Novice: 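Encoded as structure tokens, here's the structure I'll be asking about.
First listed ligand is number 1; within each ligand, the first listed atom is number 1. Worth saying up front: this structure is predicted, and the values here are computed from it rather than measured.
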Amino acid sequence: MRLHEHQAKNVFAGAGVPIPDSALATTTEGVVDAAEEIGFPVAVKAQVHVGGRGKAGGIELVESPEEARAAADRILGMDLKGYTVETVLVEAAVEFVNELYVGITMDRDAGQPVLMVSTEGGVDIEAVAAETPEAIARVHVDPVAGLRPFQARQAVYRAGVPDDVASDVASVLSTLYELFDERDASEIEINPVMVTNDREVVAADAVMNVDDDALFRQAGLAELEAESYTNDLERTAGEYGFDYVRLDGNVGIIGNGAGLVMTTLDLVDYFGGTPANFLDIGGGAKAERVANALDVVFADDNVDSVVFNIFGGITRGDEVAEGINTALEQFEAIPKPVVVRLAGTNAEAGMEILNTDLVEVEATLEDAVERAVDNANEVSQ
Ligand code: GDP
Ligand code: MN
């Protein structure tokens, strides 16, 4: 689960990291009111899960109510790299003299978390990593021993952070490591950490990814999940308990099992199509689950055709087939052509049961995917 900037900032602030005064708003009036309350200048920042919002036009610094209104009108409802902006963070603008980068992630090669610090913050850190990797200081942490106090200072000094703010930055880094460890994070990042005229250190941005499989033991964070969805499709899919990722193509994909769904995505690409989503309905494929999955995929305007790829293990093919029939019979007209491929336990029985007035049935995965791609191409032509 990826937290929104404002959610991550609240988590960081709760642990003692300084953040600017801020308020959330979803309407133009709300932005203007919040800005007046906080005091100008403020930054108006789109809350969507994309990096580089600044460059993409999702952040604006404003100095008056009129400017706040114009920025709110422009940013609320805008499309930012495929995400509609519904909420903005209105935040006291920070006057800064330096922008630093601090981050913690899992270094899978080393099998350890790694602290990263750079004085080249604010900009695209991936570009810094690619072009001047030496500008990012890295210090590995033994997850069993935990972070030893000198390690945070070591990372900060190696990066060349100015002496007078080094201990504050090291203390932010230590706090972030505690959060990383205690809150089951897979990634934590502040880019930029702003150093103000008064040599204060402030988190101006915040990224936090939490391991989904640890949410059961992360009470305070799990509750943020519903709010962390960035569009209605993700929200609905989350409520149904599906693993769902929206992509930008037009072939809707439903399968049971992450590997099977990934394979289907690859094959859609292989046959010249573009996947509209990843949707794993998980184990069991009772009518209601199938209907819920179709609900999500049909609701996506980008989807022109749908392919089901179901492998029966414990889930029996005939049960799945009944589920698909029942789910589709609820529609007066099937909104988008559906192709089904069944394999595994009772697959033959399942294929016989499937109502071919409602779906097209293919015996092999390749044929099913190719058919779905053809269907999508016909619609989009
Ligand atoms: P990102 O583009 O999605 O990473 O969003 P950030 O929150 O990192 O903002 C991008 C850039 O906008 C920062 O590096 C700053 O240069 C600028 N910015 C954001 N907030 C403020 C602020 O409060 N004051 C000033 N002066 N600039 C800001
Ligand atoms: Mn940033």
Side-chain angles (χ1 to χ4, degrees), residues 2-13 17-25 31-32 34-64 67-68 70-72 74-76 78-105 116-130 135-136 159 161 165 169 172-173 176 185 187-209 228 230:
R2 178 175 170 147
L3 302 190
H4 281 297
E5 176 190 9
H6 67 272
Q7 296 174 327
K9 275 183 171 159
N10 284 342
V11 174
F12 295 178
V17 174
I19 60 167
D21 273 353
S22 66
L24 284 177
V31 171
V32 176
E36 284 181 328
E37 174 92 24
I38 290 166
F40 291 97
V42 298
V44 180
K45 309 179 75 177
Q47 298 299 290
V48 286
H49 290 307
V50 300
R53 291 164 303 163
K55 274 190 195 159
I59 297 179
E60 202 167 320
L61 284 174
V62 297
E63 313 227 348
S64 65
E67 283 181 22
R74 192 179 62 74
I75 296 174
L76 282 169
M78 83 183 280
D79 178 277
L80 209 61
K81 301 182 183 176
Y83 289 93
T84 307
V85 179
E86 288 170 9
T87 306
V88 293
L89 182 66
V90 182
E91 185 174 81
V94 181
E95 259 192 74
F96 61 92
V97 284
N98 295 87
E99 290 186 294
L100 313 175
Y101 168 90
V102 301
I104 304 171
T105 188
M116 293 171 292
V117 181
S118 175
T119 54
E120 317 229 336
V123 287
D124 181 6
I125 198 72
E126 276 79 26
V128 176
I136 304 174
V161 170
V165 293
V169 177
V172 167
L173 194 52
L176 293 185
E187 188 189 12
I188 278 190
E189 182 184 281
I190 303 179
N191 184 27
V193 169
M194 288 181 173
V195 180
T196 68
N197 273 328
D198 310 331
R199 312 308 282 168
E200 304 273 348
V201 166
V202 183
D205 192 9
V207 171
M208 182 168 182
N209 281 304
S228 80
T230 44

Novice: Can you find a pair of side-chain heavy atoms, one from H4 and one from H49, that are under 4.5 Å apart?
Specialist: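 Heavy-atom side-chain distance check passes, below 4.5 Å.
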Novice: Is there a side-chain contact between V17 and I190 in this structure, where contact means two heavy atoms from C-beta onward sitting under 4.5 Å apart?
Specialist: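 The answer is yes, as the side chains (C-beta and beyond) meet within the 4.5 Å cut-off.
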Novice: Side chains of L173 and M116: closer than 4.5 Å at any heavy-atom pair?
Specialist: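 Not in contact.
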Novice: Evaluate whether atom CD of E36 has more than 12 neighbouring non-hydrogen atoms of other residues, nucleotides or ligands under 6.0 angstrom away.
Specialist: yes
Novice: Hey, what polar pairs (N/O, under 3.5 Å) does ligand 1 make with protein?
Specialist:
unit_1: ligand 1; atom_1: 2 (O); unit_2: R53; atom_2: N; d: 3.1
unit_1: ligand 1; atom_1: 2 (O); unit_2: G54; atom_2: N; d: 2.9
unit_1: ligand 1; atom_1: 3 (O); unit_2: R53; atom_2: N; d: 2.9
unit_1: ligand 1; atom_1: 3 (O); unit_2: R53; atom_2: NE; d: 2.7
unit_1: ligand 1; atom_1: 3 (O); unit_2: R53; atom_2: NH2; d: 3.4
unit_1: ligand 1; atom_1: 4 (O); unit_2: D205; atom_2: OD2; d: 3.1
unit_1: ligand 1; atom_1: 5 (O); unit_2: R53; atom_2: NH2; d: 3.1
unit_1: ligand 1; atom_1: 7 (O); unit_2: K45; atom_2: NZ; d: 2.7
unit_1: ligand 1; atom_1: 7 (O); unit_2: R53; atom_2: NH2; d: 3.3
unit_1: ligand 1; atom_1: 8 (O); unit_2: N191; atom_2: O; d: 3.0
unit_1: ligand 1; atom_1: 8 (O); unit_2: D205; atom_2: OD2; d: 3.1
unit_1: ligand 1; atom_1: 14 (O); unit_2: E99; atom_2: OE2; d: 2.7
unit_1: ligand 1; atom_1: 16 (O); unit_2: E99; atom_2: OE2; d: 3.1
unit_1: ligand 1; atom_1: 23 (O); unit_2: V94; atom_2: N; d: 2.9
unit_1: ligand 1; atom_1: 24 (N); unit_2: V94; atom_2: N; d: 3.3
unit_1: ligand 1; atom_1: 24 (N); unit_2: V94; atom_2: O; d: 3.0
unit_1: ligand 1; atom_1: 26 (N); unit_2: V94; atom_2: O; d: 3.2

Novice: Could you check if a side-chain atom of V207 sits within less than 4.5 angstrom of a side-chain atom of R2, using non-hydrogen atoms only?
Specialist: yes
Novice: Leaving out waters, which are not shown anyway, how many protein N, O or S atoms lie closer than 2.8 Å to the Mn ion (ligand 2)?
Specialist: 2
Novice: Is there a side-chain contact between R199 and V97, using heavy atoms and a 4.5 Å cut-off?
Specialist: yes
Novice: To check you understand the geometry: which heavy-atom pair defines the closest contact between V94 and P20, and what is its length?
Specialist: CG2-CG, 3.8 Å
Novice: Quick one, I136 and V128 - any side-chain contact, counting heavy atoms below 4.5 Å?
Specialist: yes
Novice: For side-chain contact (heavy atoms from CB on, under 4.5 Å), just list the numbers for V117 and L100, CA-CA rounded to whole Å, side-chain angles, deciding distance to a tenth of an Å, and then say yes or no.
Specialist: CA-CA 7 Å; V117 181; L100 313 175; 5.8 Å; no
